[in-house]
Protein chains: 2
Amino acid sequence: MTVPTGRRERKKAATRKKIADVALRLFLDRGYDAVGIRDVAAEADVAVTTLFSHFGSKEALVFAQDEGFEQRLTQAVADRAPREPLIPALRREVRALVRHCTAEGAAPVWHMIEESRALREYEESMRLRHAESLAAAIAAAPDLTRTVTVCRTIARFVIDAYALAREAAEPDAAVDEIFRMIEAAWEATRPA
Amino acid sequence: MTVPTGRRERKKAATRKKIADVALRLFLDRGYDAVGIRDVAAEADVAVTTLFSHFGSKEALVFAQDEGFEQRLTQAVADRAPREPLIPALRREVRALVRHCTAEGAAPVWHMIEESRALREYEESMRLRHAESLAAAIAAAPDLTRTVTVCRTIARFVIDAYALAREAAEPDAAVDEIFRMIEAAWEATRPA
DNA sequence: ACCGTAACACTAACGGTTAGCTCTTTGAAA
DNA sequence: TTTCAAAGAGCTAACCGTTAGTGTTACGGT
């Protein structure tokens with residue numbers, strides 16, 4: 001076992017962070033499409049291949065910050081207080097996530113994402129992965145006995161709520177409105 | 001106004017069809033990733049630029065067949081019998097769509113789609129567009145008075161149902177199970 | 001018969017991504 | 001301490017999807 005004080009890991013993390021920071025700065029500065037991978041690599045003073053060893057694609061550079069998004073949702077399910085109902089816990093977490101990305105400073109980034117088709121597609125694909133994780137977390141909760149299909153369905157609905165509320169004129173109200181629907185859908189699956 | 005008997009249009013349609021057919025054959029034969037755009041163009045005896053004037057991307061070649069998917073959903077909403085409730089009409093249509101693509105002959109194509117990351121992402125993106133169209137159709141129905149957010153939410157749920165049922169072990173049963181949830185969600189939004 | 005234009009073709013390039021190989025650093029076994 | 005294997009990083013060169021630029025042909029409306 002290696003003690004977590006690796007110097008390698010620190011260097012690697014530093015390189016990764018530097019690339020992500022440089023990339024975001026350039027993208028916001030000149031526009032996502034106007035900045036090439038080679039530009040980012042040059043400005044971060046790394047080789048193109050190094051950049052791709054840290055990030056799977058150009059789009060991934062933009063979403064490097066919001067890692068843990070996935071974890072927050074699954075933990076909201078797993079870390080509930082005993083017997084706390086599922087849907088309110090998820091609503092609370094989704095509201096927090098929506099607030100986080102409709103906050104002041106985040107506006108330029110989300111604007112950029114909506115502008116670029118590639119970034120939109122990448123985020124949609126990310127959301128699906130998150131939905132799968134969430135479905136697994138719901139299925140694993142010992143106090144919730146539902147079919148696999150129900151778990152996957154509710155997970156998708158929750159992710160939809162996040163996506164839709166973010167785009168709504170009044171995000172908080174939209175979260176409430178959509179979660180009333182999700183609550184009803186969940187209740188309809190209560191086993192006899 | 002032009003009479004629809006143009007020879008040009010027939011030729012164009014023939015070229016388009018030939019490209020799509022050749023592409024699908026090659027993809028199923030050698031695998032999606034192993035076949036390049038230049039291969040398809042050469043085999044269909046057209047220039048690469050011609051191919052791209054008919055199809056927006058390599059992925060679009062695969063989905064050339066299922067055009068009208070979008071229309072079927074929006075028409076299921078618009079063409080309801082007077083006072084026919086929304087959700088059963090949508091369930092009927094979704095069931096038909098799911099059956100259509102879980103039928104015998106379609107299996108190799110869907111297998112190919114699930115294998116390729118690019119194709120999966122493309123289809124997800126397509127589904128989102130379909131959800132937006134469906135939301136517009138629901139919002140435009142004169143007998144359904146709901147907020148914009150509710151319309152968009154229900155539309156997403158319906159598209160989710162389609163996607164999830166397709167992957168389920170028993171697609172028909174999954175459609176029923178998910179639509180019970182959607183029905184409940186929709187009822188919860190009934191105005192006082 | 002004539003003209004405008006839509007379809008198609010060709011070349012060349014751009015930009016994301018990867019393969020192949022080398023060099024250096026680092027952590028740990030000998 | 002010395003040595004070694006592996007991981008990080010680099011370079012070159014290429015592949016592949018996609019597009020711009022520029023003609024050329026053939027059809028349809030007048």
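What you are looking at is a predicted structure, and each value in this text was computed from that prediction instead of being measured. Quick note on labels: first sequence line is chain A, next is B, and so on, each numbered from 1.
Residues B:Thr15 and B:Arg38 both approach DNA chain C. Their nearest nucleotides, taken by heavy-atom distance, put B:Thr15 toward the 5′ side.
Here B:Glu114 does not pair with B:Arg120 in a salt bridge; the nearest charged N to carboxylate O distance is not below 4.0 Å. Ion pairing between a basic and an acidic side chain is recognised when a charged N comes within 4.0 Å of a carboxylate O; A:Arg92 and A:Glu84 show such pairing. Under 4.0 Å is where a charged nitrogen must lie from a carboxylate oxygen, and between B:Arg152 and B:Glu132 at least one such pair does.
Within residues 50-64 of chain B, the residues having any heavy atom closer than 4.0 Å to DNA chain C are, in order of number, B:Thr50, B:His54. Residues from residues 16-37 of chain A with heavy atoms under 4.0 angstrom of DNA chain D: there are none.
A continuous path of ILVMFWY side-chain contacts below 4.5 Å connects A:Val94 to A:Met126, so both sit in one hydrophobic cluster. By the criterion of side-chain heavy atoms lying less than 4.5 angstrom apart, applied directly or through intervening Ile, Leu, Val, Met, Phe, Trp or Tyr residues, A:Leu128 is not grouped with B:Ile178; the two fall into different hydrophobic clusters.
Exactly one residue among B:Glu124, B:His130, B:Glu123 makes a side-chain hydrogen bond (donor to acceptor under 3.5 Å, both in side chains) with B:Arg127. That residue is B:Glu123.
Taking atom CZ of residue B:Arg10 and atom P of nucleotide C:dA6, one finds them 19 Å apart after rounding to whole Å. The nearest whole Å value for the distance from the CD atom in B:Glu9 to the C1' atom in D:dC27 is 11 Å. Residue A:Lys12 contributes atom NZ, which lies 16 Å from atom C1' of C:dT24 at whole-angstrom precision.
In this structure, A:Leu26 and A:Glu43 have side chains that are in contact, with non-hydrogen atoms separated by less than 4.5 Å. Taking the side chain as every heavy atom from C-beta outward, B:Asp33 and B:Met112 never approach each other to under 4.5 Å.
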Contacts under 3.5 Å, N or O only, protein and nucleotides 21-26 of chain D:
none

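B:Asp45 comes within 4.0 angstrom of sugar-phosphate atoms only, judged by non-hydrogen atoms across all strands, and of no base. Nucleic acid contact class of B:Val48 (heavy atoms, under 4.0 Å, all strands): base.
For B:Lys58 and B:Tyr122, the positive end is not near the middle of the six-membered ring at less than 6.0 Å and at most 45° from its axis.
Ring centers of B:Phe69 and B:Tyr162: under 6.0 Å apart, within the cut-off.
Atom CD of A:Glu170 is surrounded by 12 or fewer heavy atoms from other residues, nucleotides or ligands within 6.0 Å.
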